[in-house]
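Below is one structure, written out as structure tokens, with a few remarks after it.
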Amino acid sequence: MDNKKIIVTGGAGYIGSHTCVELINAGFEPVIIDNFFNSEKFIVDRIEQITGFKPSVIEADCADLNTLSSVVEDLGGLAGIIHFAAYKAVGESTAKPLDYYYNNIASTTAMLKLMEIFNIHNFVFSSSCTVYGQPDVLPVTEESPVKKAESPYGRTKQVCEDVIADFKKANEDLRAVSLRYFNPIGAHPSALIGELPLGIPNNLVPFITQAAIGLRDHLTVFGDDYDTPDGTCIRDYIHVVDLAKAHVAAIKYLIDQEKGLYNIFNLGTGQGNSVLEVIKTFEKVVGQNLDYRIGPRRPGDVVQVYADVSKANEQLGWKTGLSLEDALRDAWRWENSLKEKK
Ligand code: UD1
């Protein structure tokens with residue numbers, strides 16, 4: 001490999017840190033850009049503990065193009081940029097739309113400017129299945145229409161995908177992919193890195209593990225009267241380590257392309273699971289009952305969405321290897337490790 005260095009924005013975050021581990025395992029040298037707004041510095045030490053390599057860290061805001069330009073200049077040749085850093089809470093985005101539009105769109109634009117200024121060719125963008133809204137046909141393929149976004153968060157993902165597409169039209173050299181994540185869950189099997197939700201978790205699995213360990217009184221299932229077999233919503237839950245490995249596959253894929261391109265891939269397992277199935281699987285894996293109660297529907301929730309992942313399987317040469325059980329076991333180990341740390 002000529003250029004081993006690769007910028008990973010949000011590299012101390014949940015998906016970013018797992019991706020740094022897999023990049024290092026594959027022989028790359030991640031350079032983390034993070035402002036630690038929603039991540040912790042000790043995670044970088046944990047990446048070193050797992051891999052034996054400590055990524056260098058640039059503590060900066062990804063929207064701060066001037067600061068980043070001066071730092072990136074000193075890095076030399078780069079294999080590419082993987083851009084995770086973004087705000088991601090759907091509910092909060094409705095209350096603070098400008099924060100979301102500014103942070104998520106300005107940082108993506110700044111990253112693309114860096115690519116232009118420093119002649120960096122390979123760009124991987126963290127997108128989301130939220131761009132599909134409630135798809136008309138399941139499983140959802142990359143050809144499925146992008147629906148009107150339900151939240152400012154979702155709209156930032158749509159806009160950023162369009163920004164990349166426009167930049168590609170104007171820049172023949174750009175090789176870029178948007179990876180549309182379904183529902184990333186779990187943690188590294190070492191229990192050294194995992195998700196660190198700020199405050200009360202919005203997402204299902206961190207809420208389950210916090211409820212099971214006693215940090216939350218009980219889990220509320222948001223609605224059991226949907227048109228699904230057990231009445232609860234269906235999602236495609238993918239182990240974060242499988243997701244991280246897809247980023248390595250994506251970078252290798254981009255490096256192999258001779259000419260510019262922009263491509264989009266779904267990253268999921270291809271399998272849908274209901275909220276109750278996740279709860280039952282968690283109870284089986286950890287051998288403990290969970291206190292859960294059925295509550296009202298959560299506004300904005302789609303009924304069901306799961307991925308057709310054949311495009312990523314075929315073109316990226318990647319497939320998932322871990323199960324829902326593995327993910328829930330690892331999430332539980334991580335939650336327990338946090339308790340021990342306190
Ligand atoms: C959504 C987006 C996803 C985005 C993510 C960011 C969709 C389909 N997915 O994930 O793209 O990246 O937000 O946060 O738009 N649930 C409960 N009780 C809880 C928490 C969740 O019953 O306490 C249920 C939800 O109603 C949902 C499922 O669990 O059916 C998963 O919810 P969550 O983990 O929040 O993820 P999404 O909403 O699917």
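Order of listing sets the numbers, starting from 1, for every ligand and every atom in it. Below, each value reflects all heavy atoms present in this structure, side chains not excepted, and no hydrogens, waters or symmetry copies.
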Could you check [atom] against the protein and tell me its nearest heavy-atom contact, residue, atom and distance included?
atom                    : answer
atom 2 (C) of ligand 1  : Thr130 CB, 4.3 Å
atom 14 (O) of ligand 1 : Asn203 ND2, 3.2 Å
atom 26 (O) of ligand 1 : Asp301 OD2, 2.5 Å
atom 39 (O) of ligand 1 : Arg235 NE, 2.5 Å
atom 9 (N) of ligand 1  : Cys129 SG, 4.1 Å
atom 3 (C) of ligand 1  : Ser128 OG, 3.7 Å
atom 38 (O) of ligand 1 : Arg298 NH2, 2.8 Å
atom 37 (P) of ligand 1 : Asn183 ND2, 3.5 Å

Enumerated ligand 1 atoms positioned under 4.0 Å from heavy atoms of [X]:
X      : value
Lys88  : 6 (C), 14 (O)
Val302 : 8 (C)
Asn202 : 20 (C), 35 (O)
Cys233 : 30 (O)
Val305 : 8 (C)

So does Lys41 pair up with Asp34, basic N to acidic O under 4.0 Å?
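No, no charged N to carboxylate O under 4.0 Å.
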
Salt bridge present between Asp326 and Arg329 (N-O < 4.0 angstrom):
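Salt bridge between Asp326 and Arg329, a charged N being under 4.0 Å from a carboxylate O: yes.
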
How are the rings of [X] and [Y] set to each other: parallel, tilted or perpendicular (split at 30° and 60°)?
X      : Y      : result
His18  : Tyr14  : perpendicular
Phe265 : Tyr253 : perpendicular
Trp332 : Phe282 : perpendicular

Restricting to pairs with a member in residues 105-132, which pass salt bridge (charged side-chain N to carboxylate O under 4.0 Å, His left out), not counting sequence neighbours?
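Sorted pair list: Lys113-Glu116.
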
Enumerate the residue pairs fulfilling salt bridge (charged side-chain N to carboxylate O under 4.0 Å, His left out) with a member in residues 88-107, sequence neighbours excluded, ordered by first and then second residue.
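As it turns out, the salt bridge (charged side-chain N to carboxylate O under 4.0 Å, His left out) pairs with a partner in residues 88-107, which skip direct neighbours, are Glu92-Lys96.
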
Where on Leu204 is there a heavy atom closer than 4.0 Å to ligand 1, on the side chain, on the backbone, on both, or on neither?
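For Leu204, the contact with ligand 1 is made by both the backbone and the side chain.
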
Any donor-acceptor pair under 3.5 Å linking the side chain of Glu59 with the backbone of Ile33?
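Checked: no pair found.
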
Any donor-acceptor N/O pair, Tyr306 side chain to Phe182 backbone, under 3.5 Å:
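A pair under 3.5 Å: no.
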
Looking at Gln158, Arg180, Glu161, which hits side chain to side chain donor-acceptor pair (under 3.5 Å) with Ser127?
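Exactly one pass, corresponding to Glu161.
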
Where the closest heavy atom to [atom] is concerned, which of [options] has it?
atom                    : options                        : result
atom 18 (N) of ligand 1 : Val205, Val221, Thr220, Val90  : Thr220
atom 31 (C) of ligand 1 : Tyr237, Phe222, Tyr132         : Tyr237
atom 12 (O) of ligand 1 : Tyr181, Tyr153, Phe207, Phe182 : Tyr153

Hydrophobic cluster membership, with links at side-chain heavy-atom distances under 4.5 Å among I/L/V/M/F/W/Y: are Ile120 and Ile117 in one?
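Yes; Ile117 is reachable from Ile120 via cluster members.
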
